Every structure is written in C-alpha cells, then in structure tokens.
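Okay, structure first, notes after.
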Amino acid sequence: MSRSRKIALVGNPNAGKSALFNALTGARQKIANYPGVTVERKFGRVVLPTGEPVEMTDLPGAYGLDPTSPDEEVTSKVVRGQFPGEAEPDVLVIVLDASNLEQHLVFAQELLSLGKPTVIALNMVDLAERDGLVLDPEVLQQELGVRVIPTVAVRRRGLIELGEAIASAESRHAGPGITDLGQTERRVAAHAMAEAAILSESKRHRLHARLDRLLLNPWIGPVILLALLFVVFQAVFAWANPLIDGLEEGMAALSDYVTAILPAGLLRDLLTDGIIAGVGSVVVFLPQIVILFAFILAMEASGYMARAAFLMDRLMSYVGLSGRSFIPLLSSFACAIPGIMATRSISDPKDRLTTILIAPMMTCSARLPVYAVIIGAFIPARTVGWGIGLQGLVLFALYISGIMGAFLAALVLRRSITRGEASGFIMELPKYQLPRLKDMAIGLWQRGWIFLRRAGTIIFTVTVILWVMLNFPKAAPGESQVDASIAGHLANGLAVVVEPIGFNRDMALSLIPAMAAREVAVSSLATTYAVDDEDEAQQAVDLGNRLRNSWTLPMALAFLAWFVFAPQCMSTIAVTRRETNGWKWPAFMLAYLFTLAYIAAGATFWLATAAGL
Ligand SMILES: Nc1nc2c(ncn2[C@@H]2O[C@H](COP(=O)(O)OP(=O)(O)OP(=O)(O)O)[C@@H](O)[C@H]2O)c(=O)[nH]1
Ligand SMILES: [Mg+2]
C-alpha cells in the first residue's frame with residue numbers, strides 16, 4: 001500500500017490554521033489571537049469524507065516563501081519539499097482570513113505559483129460578516145483556478161466541504177500570469193481580486209476603531225495595561241485564598257488520616273512528610289495558577305495582547321528590543337520554554353538572542369508557588385487603602401522586578417554582547433473577538449493539567465529523593481535529623497556560600513533540588529521542616545507557621561528576590577542550548593542570572609535588615 005497523502009496548512013499568521021488543524025484532527029494545538037503562535041510544524045491524522053486517511057501538517061504562519069525568520073523558514077522548506085527527511089506535501093490548503101483578504105491573497109498567489117494541488121479555506125467568514133463584509137467565493141475560485149471553501153474553523157463550519165475538496169484536489173495548471181508575478185504585481189492583483197470578491201461592505205468597525213484609539217493611546221493605553229495587570233495580581237490572591245485554604249485543610253485531613261491508619265514507621269513518614277507535606281504543598285496552588293491563566297487566555301483570545309505588544313514597542317525600543325520580543329516574553333510568564341521557542345518568529349539574530357537571554361526573568365508560573373508560600377507566611381493579608389490587598393501588591397512588585405531586571409539586562413546586552421540597532425516592528429493587529437468559553441475551558445484545563453503533571457512527576461520524584469537523603473543516616477537521640485542526614489551535610493557546603501545574603505541552611509538546601517523545577521523549593525522546604533519536626537501531632541501541613549518560626553522577614557524577602565532572577569530550571573537551560581546551538585549561551589545565561597540573583601538577594605537582605613524589618 002502506498003503511504004497516505006500529506007496535506008499542509010499554509011497561510012499568513014493568525015489566519016486560523018491551527019484552529020482549522022484542531023477542528024480537523026481533534027488535536028489541541030495552541031491557538032491565540034495574535035500572529036506568531038505556531039513556530040514548529042505539527043502533525044495529525046484526518047479521515048477525509050471519502051474515507052481516505054491523510055496526514056495533516058500545521059505550519060507556522062508566513063508572509064512569503066523567502067523566509068525572514070526561523071519559523072518562516074520551516075514553512076518555506078516544508079512547502080517546497082526541502083525539509084530534511086520529510087516528503088513534499090501532496091496537497092496545500094491555503095488558509096485565508098476572509099476579513100483581511102487583500103493582504104492574505106499576496107502570499108496565496110505565491111503558493112499557487114508552485115503549481116501543486118491546492119484548496120483554499122476562506123476562513124473567518126463569520127468575522128467578515130460581523131464587520132459587514134459580504135464575499136463571493138465563486139469570484140475567487142475563478143480568479144485563482146482552485147476550489148475556495150468558506151469556513152469558520154472555531155465553529156467547525158465548512159469542514160466537510162473542505163475535506164471533500166481536499167480529496168478531489170488535482171494538480172492545477174497555474175492560471176495564466178500567476179506563475180511569474182513579482183511581489184508588486186501580486187499586490188496589485190490581490191487588490192483587484194479582493195475588490196472583485198467583495199460584494200458589499202458596510203463599515204461597522206466604529207466601535208473597534210474607538211476601542212483602539214483608547215487602548216493604543218500613548219498615554220492612556222499604558223495606564224490601562226498597568227491597571228489591568230494590577231487587577232490580575234490582586235485577583236490571584238483575593239480569589240484563590242478561600243480555595244487554597246480548603247485544599248490545605250484537605251491535605252491536613254489526609255495527613256491525619258494516614259497517620260491514624262498506618263503504624264509509625266518509614267512508610268508513614270514517607271507518605272506524610274515526603275508526599276503529602278512536600279508535593280501537597282505545591283498542589284494547593286492550583287487555584288492561583290488557574291486564575292492567572294484565565295486572565296492571560298482571555299487577553300490573548302480577545303486580541304488585547306497584540307495591542308499590549310504594540311504599546312510596549314516604544315518602551316522596548318528604548319532598551320534596544322522591538323515589540324516582536326513582546327509575545328515571546330509574554331509567553332515566558334507561563335514558562336520560559338515556550339517563550340524561548342517563540343523567539344523563532346524574530347528575524348534579527350541578535351534581537352532573538354537578547355530575547356532568549358532575558359526570557360527567564362519573566363516570572364514563570366513555576367515561581368508562583370514559591371512566591372505565594374513566602375508571601376502567605378510573611379506578608380499580612382491586610383489592605384493598604386482603597387481596598388488594595390498588600391499580598392497582591394507584593395506579588396505585583398515581584399513580577400515588575402523581573403520585568404525591570406530583564407529590561408536592564410537587555411539595555412546592557414544590546415550595548416555590549418549583542419550590540420545592534422533595534423529593528424523595526426510591524427505587527428498586524430488582530431480583530432477583537434469575545435473569548436469563546438469552550439476554548440478558554442480547554443486552555444485552562446491544559447494549563448492546570450501541566451501543573452498537576454509536574455507535581456506528579458518531577459516534583460514528586462525529586463521530593464521523594466530528597467526525603468530519602470534527609471532521613472539517612474538516622475540521627476542519634478537528641479540530634480536533629482536534618483543535621484545528621486546526607487542532605488544536611490550537602491547543604492552545609494552551599495550554606496557557606498549563601499550565608500552572606502542571609503540564607504540559612506534550610507534555604508540553601510531547598511535551592512539544590514529546585515534546579516530541577518522551581519516549585520521544588522516549596523516541596524523541599526515543606527519536607528525538610530516536616531522531617532525536622534519531632535512533634536508528631538504537628539504533622540499537619542502548616543508550612544507557613546514553620547517558615548515564620550525559622551526565618552526572619554529580611555530572610556524571606558531575600559529568598560523572594562533570589563527567585564526573581566535565579567535560573568533555577570534545567571529545562572530552560574536545555575532549550576537555550578538547543579535554540580542557540582551550543583553551550584556558550586546557556587553557560588552565559590546561568591552565570592549572569594545567578595550573579596544577579598545573588599546581588600539582588602544580598603541587597604534585599606541587608607537593606608531590609610538596616611530598615612529594621
Ligand atoms: N471568529 C473566528 N475566529 C477564528 C476562526 N478561526 C480562527 N479563529 C481565531 O483566530 C485566532 C487565530 O487562530 P490560530 O489558529 O491561532 O491562527 P494561526 O493561523 O494558526 O496563527 P499562527 O500560528 O500565528 O500562524 C484565534 O484566536 C482563533 O480562535 C474563525 O473561523 N472564526
Ligand atoms: Mg498556528
């Protein structure tokens with residue numbers, strides 16, 4: 001039997017290729033309302049209405065076949081059949097944004113000139129209609145010489161027709177003239193075709209235009225952005241706290257239950273001190289993660305994020321970056337790994353390298369449990385006027401510190417190691433849309449699942465290993481178990497190094513396993529204090545109390561400052577190595593970020609101590 005045919009989805013950024021890919025294959029690739037979301041090719045299988053199974057490829061968006069950035073290069077190579085080890089696609093599905101037809105038809109003509117069997121998905125016809133645009137697919141079909149199927153990817157409209165068209169797509173005879181047009185001629189042709197295809201157009205953009213005037217205003221826009229972020233961090237504490245209390249009580253009850261049914265011994269200790277106290281101390285932050293991502297996803301889907309990038313462009317040009325870096329940096333708030341991958345859409349290599357190097361300073365979601373534990377234990381849950389919660393304010397300040405640190409680093413890097421001019425920034429602003437509930441739910445589910453999976457795998461494993469290293473060898477009567485243990489001895493070495501910045505031995509101890517993942521700092525503190533606690537009745541998960549008993553406020557603040565900068569994440573280092581093709585830049589990243597963390601934590605500790613906190 002011959003191999004199944006390969007179908008590739010191509011088109012301009014933000015045309016809805018991934019949405020269409022998800023709808024056709026049942027996959028759950030990330031979609032968001034700004035250009036440059038997909039940076040790698042993704043595969044899936046589809047059975048066409050004719051019963052023929054085909055392999056579908058989702059590609060990064062591009063503006064043409066002459067690549068200007070690493071992600072466009074992937075698209076260009078795949079489409080031309082030059083991607084190493086990959087067969088040429090048999091059918092191209094060009095995805096067009098119906099409400100942005102003229103622009104998208106430029107690249108479409110270039111793709112058609114390849115002469116491959118092609119089908120056009122005229123996507124987002126719902127948005128075109130909403131904006132008062134009535135299109136005639138027939139006209140396009142005649143002009144371009146291929147089937148044109150209207151679709152609404154997010155509502156699964158037009159999928160069967162599209163599948164049928166793919167099944168019967170034949171090698172086309174490139175229409176007269178299309179083959180060897182230059183870029184300018186394609187633009188002219190695109191304009192004429194769009195004009196011919198638009199049956200009627202009643203301008204209904206007024207509300208959106210007004211919204212843009214407000215949100216993109218150079219003075220009001222940044223204020224709105226800042227206010228919005230402020231609300232997000234207030235909500236992360238205010239809304240999550242009741243849920244977290246509930247989860248903590250649940251963990252405590254579970255711990256009590258295990259204590260009651262199991263005889264005293266190693267197994268019981270492993271379950272209560274290692275797994276419930278350790279892993280449980282991280283899991284309780286699920287509500288905060290979900291709330292944070294609810295805001296991020298809503299801002300992404302509505303089209304506001306792209307506006308924020310536009311606003312930030314000017315600010316970023318001061319530090320030698322362009323607004324292009326905004327989306328990768330923004331993705332790094334979830335996790336630096338997709339953030340660093342997203343830099344593939346940056347064309348200038350030095351711009352891209354700078355963005356990679358500063359991405360780890362964006363506060364990723366793995367820091368949230370660390371921040372939340374320390375803030376919860378040391379910052380009183382009171383308001384500081386106008387109903388502003390102090391805890392949320394401190395969290396906000398930590399995020400801002402990371403951003404400031406990143407901007408400062410960019411400023412220095414762009415004047416030294418990655419010297420160069422800030423490149424220009426052109427980004428189309430996507431249409432405003434109301435976030436769809438289903439997409440939001442799927443997105444939140446995915447983020448929550450990633451968080452829990454980390455807790456169940458890497459955090460679980462590292463915590464259990466640490467528990468073992470904390471429990472052996474056994475302490476002599478009267479001696480502290482942690483002092484006697486392997487882990488305690490190991491930590492003593494590091495403790496000497498971090499003593500000047502106010503860290504005690506337990507804090508030093510938590511930094512070692514936290515290289516695997518930052519949340520492990522929380523689980524390892526919880527486990528260390530649980531192991532150290534002789535009083536069996538006190539086994540409930542009250543990490544906050546234990547921290548307050550062993551740390552001073554300046555120590556806690558220094559610990560927070562450390563985590564703003566410290567590159568405590570193996571996976572980030574690994575992905576930096578991959579994206580920069582070598583060890584030089586990850587090594588540099590480790591060195592400069594640890595230095596920054598050390599200075600920041602030390603300065604915080606001594607300033608706080610001097611201030612008498
Ligand atoms: N209303 C409407 N929205 C759509 C449709 N198709 C996609 N979208 C939305 O448009 C945005 C962009 O969709 P994506 O699938 O991420 O676009 P893409 O072409 O993969 O973009 P890149 O990966 O950046 O090249 C998302 O917010 C989708 O929810 C559609 O037919 N109608
Ligand atoms: Mg995509």
Side-chain angles (χ1 to χ4, degrees), residues 248 251-252 254-256 258-259 262-284 366 369-370 373-374 377 454-499 503-551 555-556 559 562-563 566 568 570:
E248 277 179 342
M251 291 292 170
L254 187 64
S255 182
D256 288 345
V258 171
T259 310
L262 286 180
L266 273 183
L267 177 64
R268 189 171 91 179
D269 286 352
L270 172 65
L271 286 176
T272 55
D273 296 352
I275 296 169
I276 300 175
V279 180
S281 65
V282 174
V283 170
V284 295
V370 182
V373 149
I374 310 290
R454 277 167 71 90
T457 53
I458 184 161
I459 298 169
F460 175 86
T461 312
V462 176
T463 308
V464 169
I465 294 173
L466 179 71
W467 179 86
V468 172
M469 291 175 73
L470 277 166
N471 272 279
F472 300 98
K474 279 288 169 204
E479 191 189 5
S480 142
Q481 175 57 42
V482 177
D483 286 343
S485 70
I486 310 173
H489 284 294
L490 285 178
N492 282 335
L494 185 61
V496 180
V497 182
V498 291
E499 204 188 294
F503 287 14
N504 63 18
R505 198 264 326 267
D506 304 329
M507 292 156 97
L509 175 55
S510 74
L511 298 183
I512 305 170
M515 275 313 287
R518 290 182 176 89
E519 302 98 317
V520 174
V522 174
S523 66
S524 67
L525 283 170
T527 299
T528 308
Y529 287 124
V531 167
D532 219 16
D533 206 333
E534 321 262 274
D535 186 359
E536 288 288 320
Q538 273 251 319
Q539 290 291 3
V541 196
D542 53 354
L543 181 56
N545 277 331
R546 286 176 175 145
L547 292 177
R548 270 192 300 274
N549 290 336
S550 339
W551 302 10
M555 287 163 77
F559 199 66
W562 172 271
F563 271 92
Q568 303 242 209
M570 299 284 212

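Values in this document were obtained by computation on a predicted structure and should not be read as measured data.
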Smallest separation among heavy atoms of [X] and [Y], with atom names:
X      : Y      : value
Val279 : Ala455 : CG1-O, 3.6 Å
Met251 : Ile276 : O-CG2, 3.6 Å
Ser281 : Ser523 : OG-CA, 3.5 Å
Ser524 : Ala521 : OG-O, 3.2 Å

Run the side chain to side chain contact (heavy atoms under 4.5 Å, CB included) test against [X] and tell me which residues pass, sequence neighbours left out.
X      : answer
Ala516 : Ile458, Val462
Leu262 : Val258, Leu267, Arg268, Leu271
Tyr529 : Asn504, Asp506, Leu525, Leu543, Arg546, Leu547, Ser550, Trp551

**Prompt:** Within a strict 4.5 Å, meaning less than it, do heavy atoms of the Ile275 and Val464 side chains meet?
**Reply:**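 Yes, close enough: below the 4.5 Å cut-off.
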**Request:** Sequence neighbours left out, what passes ring-ring contact (aromatic ring centres under 6.0 Å, His included) with Trp467? Give chain and number order.
**Result:**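 Residues passing ring-ring contact (aromatic ring centres under 6.0 Å, His included) with Trp467: none at all.
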**Message:** Using the ring-ring contact (aromatic ring centres under 6.0 Å, His included) criterion, which residues pair with Phe503? Sequence neighbours excluded.
**Reply:**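 For Phe503, the residues satisfying ring-ring contact (aromatic ring centres under 6.0 Å, His included) (neighbours in sequence not counted) are Phe559, Trp562.
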Among residues at least two apart in sequence or on other chains, which ones pass side-chain hydrogen bond (donor to acceptor under 3.5 Å, both in side chains) with [X]?
X      : answer
Thr528 : none
Asp483 : Arg505
Thr527 : none

**Message:** Quick test of your reading: applying side-chain hydrogen bond (donor to acceptor under 3.5 Å, both in side chains), list the pairs with at least one residue in residues 511-522, sequence neighbours left out, ordered by first then second residue.
**Reply:**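 Counting only pairs at least two positions apart or across chains, the side-chain hydrogen bond (donor to acceptor under 3.5 Å, both in side chains) contacts touching residues 511-522 are Arg454-Glu519.
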Donor-acceptor pairs under 3.5 angstrom involving side-chain atoms of residues 507-514: please list them, not counting sequence neighbours.
| unit_1 | atom_1 | unit_2 | atom_2 | d |
| --- | --- | --- | --- | --- |
| Ser510 | OG | Met507 | O | 2.7 |

**Prompt:** Atom OG1 in Thr463, atom CG in Asp273: separation rounded to 0.5 Å?
**Reply:**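 Atom-to-atom, Thr463:OG1 and Asp273:CG are 12.0 Å apart.
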**Message:** Show me the pairs that pass salt bridge (Lys or Arg N to Asp or Glu O under 4.0 Å) and involve residues 455-473, at least two apart or across chains.
**Reply:**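 Output for this query is empty, none listed.
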Under 3.5 Å, side-chain donor or acceptor atoms of residues 485-492 against the rest of the protein: list the pairs with distances, not counting sequence neighbours.
| unit_1 | atom_1 | unit_2 | atom_2 | d |
| --- | --- | --- | --- | --- |
| Ser485 | OG | Val482 | O | 2.8 |
| Ser485 | OG | Gly488 | N | 3.0 |
| Asn492 | ND2 | Gly488 | O | 3.3 |

